[in-house]
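Here the structure comes first, spelled out in structure tokens, and everything after it is commentary.
Whatever order the structure lists ligands and atoms in, that order sets their numbers, starting from 1. Given the structure is predicted, the values throughout are model-derived calculations rather than measurements. Position 1 is the first residue of the sequence, and the numbers go up from there.
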Amino acid sequence: MNSSLRTKLSLSYIVMGLFLIAAICLSANYLLEGQFRDYITRQHEERNKELVALIAGQYKSDTGTWDKNVIKNIGVNALEQGMIVKVEDNSGTVWDATVHNNGLCVQMLDHMSKNMSSRYGNFRGGYMENSYPVKVGPEQVGKVKIGYYGPFFLNDNELAFINTLNEMLVGLGLFSLLFALLLGTTMAKRLSEPIARVISAAREIAKGNYASRITEQSNTKEIVELTSTINNLAGTLEQQEVLRKRLTSDVAHELRTPLATLQSHMEAMIDGIWEPDSERLKSCHEEILRINRLVGELEKVAKYESENLILNKTLFDIFELAGLIVHQFEADFFRKGVELKITGETAQVYADKDKLSQVIVNLISNGLKYTDRGGTVEVSVKDRGTIVDISVRDTGIGIPQEDLPFIFERFYRADKSRNRMTGGSGIGLTIVKAVIEAHKGQVSVRSEFNKGTEFTVSLTKKVREN
Ligand code: ADP
């Protein structure tokens with residue numbers, strides 16, 4: 001059965017509280033009670049011995065008589081504490097509490113029996129008697145018999161003490177239960193409320209309201225992580241949604257221009273307004289090529305972005321590869337009047353050579369595209385131990401800050417009107433990113449508008465895997 005976090009937490013706190021009470025009761029009843037019983041028995045034994053010593057002190061050995069008045073006082077006092085004293089010597093009874101006041105003795109025994117059954121329910125006790133000898137030197141001159149309600153008894157003070165102790169324990173137990181309940185519900189509320197809000201925000205996001213965010217403040221680490229993860233997810237989805245819409249409109253836009261041109265040219269020729277001469281057919285052909293190129297690029301990006309981009313890895317010198325590519329570009333750069341340089345050092349990498357060539361080609365051709373005459377594009381390879389950085393820096397037009405997060409997306413172009421003139425279609429960097437990510441590398445960009453741009457690709461040098 002699925003139950004809410006709140007129910008589960010509250011229940012566990014209650015169970016914990018009940019367990020606590022059970023533990024307290026058990027330990028109080030078995031351990032404490034047992035200890036207390038032993039203590040009381042020892043106490044009574046001590047008291048009996050003291051009493052016997054006190055009575056023995058009343059024997060006058062020179063005359064062989066007892067100070068009966070003092071013994072009487074001791075006996076009366078002892079009776080009040082639950083002890084029925086009887087003193088005997090060789091000639092018979094010296095003093096006997098039952099003779100002195102039998103009614104009081106019976107009353108006392110009855111009182112003790114009540115005390116015991118009030119505490120222990122069906123306590124089975126009765127009158128008991130211990131006998132202690134009174135000696136003068138080695139000679140026994142008499143004996144003291146102490147009767148009591150046994151096997152042990154609690155006098156009023158002792159009973160009051162143990163009752164108070166038990167009441168305190170019950171109170172403590174009830175308080176712990178109440179506290180556990182209160183703490184449980186508060187904790188459960190504090191935990192479940194933000195989660196419930198996260199759930200409702202996640203539902204909103206699932207409905208397509210990607211702008212929804214969770215503003216929940218919490219001091220629970222996991223909840224903070226959960227909210228920030230959901231918010232990040234919403235952010236990514238929102239961005240993807242924008243890009244998806246943009247991609248559709250971009251593709252439509254890209255196709256509309258050549259298709260419209262083609263349509264108007266064809267109609268003009270069908271209606272006989274234009275002669276279908278080779279010049280016009282060539283223009284139509286160019287538009288078809290444009291559409292074809294776009295479709296080809298769409299296919300290419302789909303291939304590079306597919307999750308199972310298969311890498312054919314070999315060990316090669318990336319500096320050497322960059323040098324070859326730079327060499328191939330030299331003529332184009334010369335034609336445009338842009339300087340192309342390469343600096344750095346040799347560095348072995350274990351990677352897919354063809355795909356990395358494509359990456360370097362895309363970055364250098366962007367440098368060429370977006371750098372005006374008189375500018376410079378510099379390729380550099382830097383060995384940083386386990387990592388190799390390949391950067392392409394130009395002194396070109398730069399990328400506006402607001403466009404930087406999107407330039408790696410398909411068909412994204414920072415400055416559309418200008419880019420159409422340069423022939424960009426917005427997939428070069430998408431391919432760069434897909435290839436580098438497949439290599440588990442990183443690509444970063446730094447750019448200042450109207451000053452220049454630097455792309456850096458970081459690859460792990462020589463990791464043989466798969
Ligand atoms: P494109 O084919 O349009 O160049 P890319 O994916 O290679 O497509 O680049 C995406 C966009 O990023 C470009 O349209 C351009 O606006 C911007 N960009 C890329 N490289 C540079 C650069 N070196 N300098 C200035 N802008 C650049």
Side-chain angles (χ1 to χ4, degrees), residues 239-240 242-244 246-247 249-255 257-258 289-305 309 322 325-326 329 332-333 336-342 355-380 389-438 441-457:
Q239 216 178 49
Q240 288 299 322
V242 170
L243 286 169
R244 192 179 61 76
R246 202 171 171 149
L247 174 71
S249 76
D250 279 0
V251 171
H253 188 257
E254 290 295 319
L255 286 172
T257 323
L289 285 182
R290 236 172 111 176
I291 298 171
N292 218 357
R293 201 171 54 236
L294 184 74
V295 173
E297 274 171 352
L298 273 170
E299 273 173 358
K300 203 159 151 192
V301 81
K303 185 182 131 216
Y304 273 95
E305 277 192 330
L309 180 63
I325 298 169
V326 163
F329 267 104
D332 293 338
F333 274 77
K336 194 175 173 185
V338 178
E339 190 190 355
L340 176 61
K341 296 196 281 194
I342 176 157
K355 296 205 170 70
L356 276 192
S357 300
Q358 181 73 61
V359 166
I360 299 171
V361 165
N362 287 3
L363 293 178
I364 297 180
S365 76
N366 274 357
L368 176 63
K369 256 191 281 181
Y370 303 111
T371 307
D372 292 332
R373 176 174 290 275
T376 311
V377 174
E378 184 181 338
V379 180
S380 69
D389 284 343
I390 306 122
S391 32
V392 178
R393 185 153 52 91
D394 64 52
T395 56
I397 61 169
I399 305 166
Q401 213 57 29
E402 65 270 20
D403 286 312
L404 275 179
F406 305 106
I407 54 167
F408 292 100
E409 302 297 340
R410 281 164 293 179
F411 298 103
Y412 193 89
R413 291 173 307 197
D415 180 349
K416 291 207 170 112
S417 54
R418 188 160 178 175
N419 284 339
R420 189 155 300 123
M421 274 156 43
T422 57
S425 58
I427 67 149
L429 289 179
T430 313
I431 291 171
V432 168
K433 192 177 170 216
V435 170
I436 299 308
E437 278 182 354
Q442 273 180 342
V443 51
S444 60
V445 55
R446 283 193 306 143
S447 187
E448 228 179 300
F449 195 49
N450 280 333
K451 288 227 169 106
T453 308
E454 180 175 12
F455 283 94
T456 305
V457 164

Margin query: Give the atom numbers and elements of ligand 1 that come within less than 4.0 Å of a heavy atom of K369.
Written below: 1 (P), 2 (O), 4 (O)
Note to self: Checking contacts here: is it the side chain or the backbone of D394 that comes within 4.0 Å of ligand 1, counting heavy atoms only? Could be both or neither.
What the structure shows: side chain
Check: Which bit of F455 is near ligand 1, meaning a heavy atom under 4.0 Å away: side chain, backbone, both or neither?
Finding: side chain
Notebook entry, point to check: Which atom names give the shortest non-hydrogen contact between T371 and V338, and what distance separates them?
Noted result: O-CG2, 3.8 Å
Check: With only distance considered, is N366 within less than 3.5 Å of ligand 1 through an N or O on each side?
Finding: yes
Check: Measuring from E339:CD to T395:OG1, what's the distance to the nearest 0.5 Å?
Finding: 9.0 Å
Notebook entry, point to check: What distance do I397 atom CD1 and E448 atom CD have between them, rounded to the nearest 0.5 Å?
Noted result: 14.0 Å
Item checked: ligand 1 contact on T453 by region, counting heavy-atom pairs under 4.0 Å -> side chain
Notebook entry, point to check: Among V359, V361, N362, whose side-chain contact (heavy atoms from CB on, under 4.5 Å) with I431 holds?
Noted result: N362
Check: So, for F455 and I399, which heavy atoms are closest and what is the spacing to 0.1 Å?
Finding: CZ-CD1, 4.2 Å
Note to self: With a cutoff of 4.0 Å, is G398 in contact with ligand 1, counting heavy atoms of the residue only?
What the structure shows: yes
Check: Going by the order shown, which atoms of ligand 1 are within less than 4.0 Å of some heavy atom of G428?
Finding: 5 (P), 6 (O), 7 (O), 8 (O)
Next item on the list: Quick one: closest heavy-atom pair of G452 and S447, and the distance?
Entry: O-OG, 3.2 Å
Next item on the list: Ignoring angles and geometry beyond distance, decide whether L429 reaches within less than 3.5 Å of ligand 1 through its nitrogen or oxygen atoms.
Entry: yes
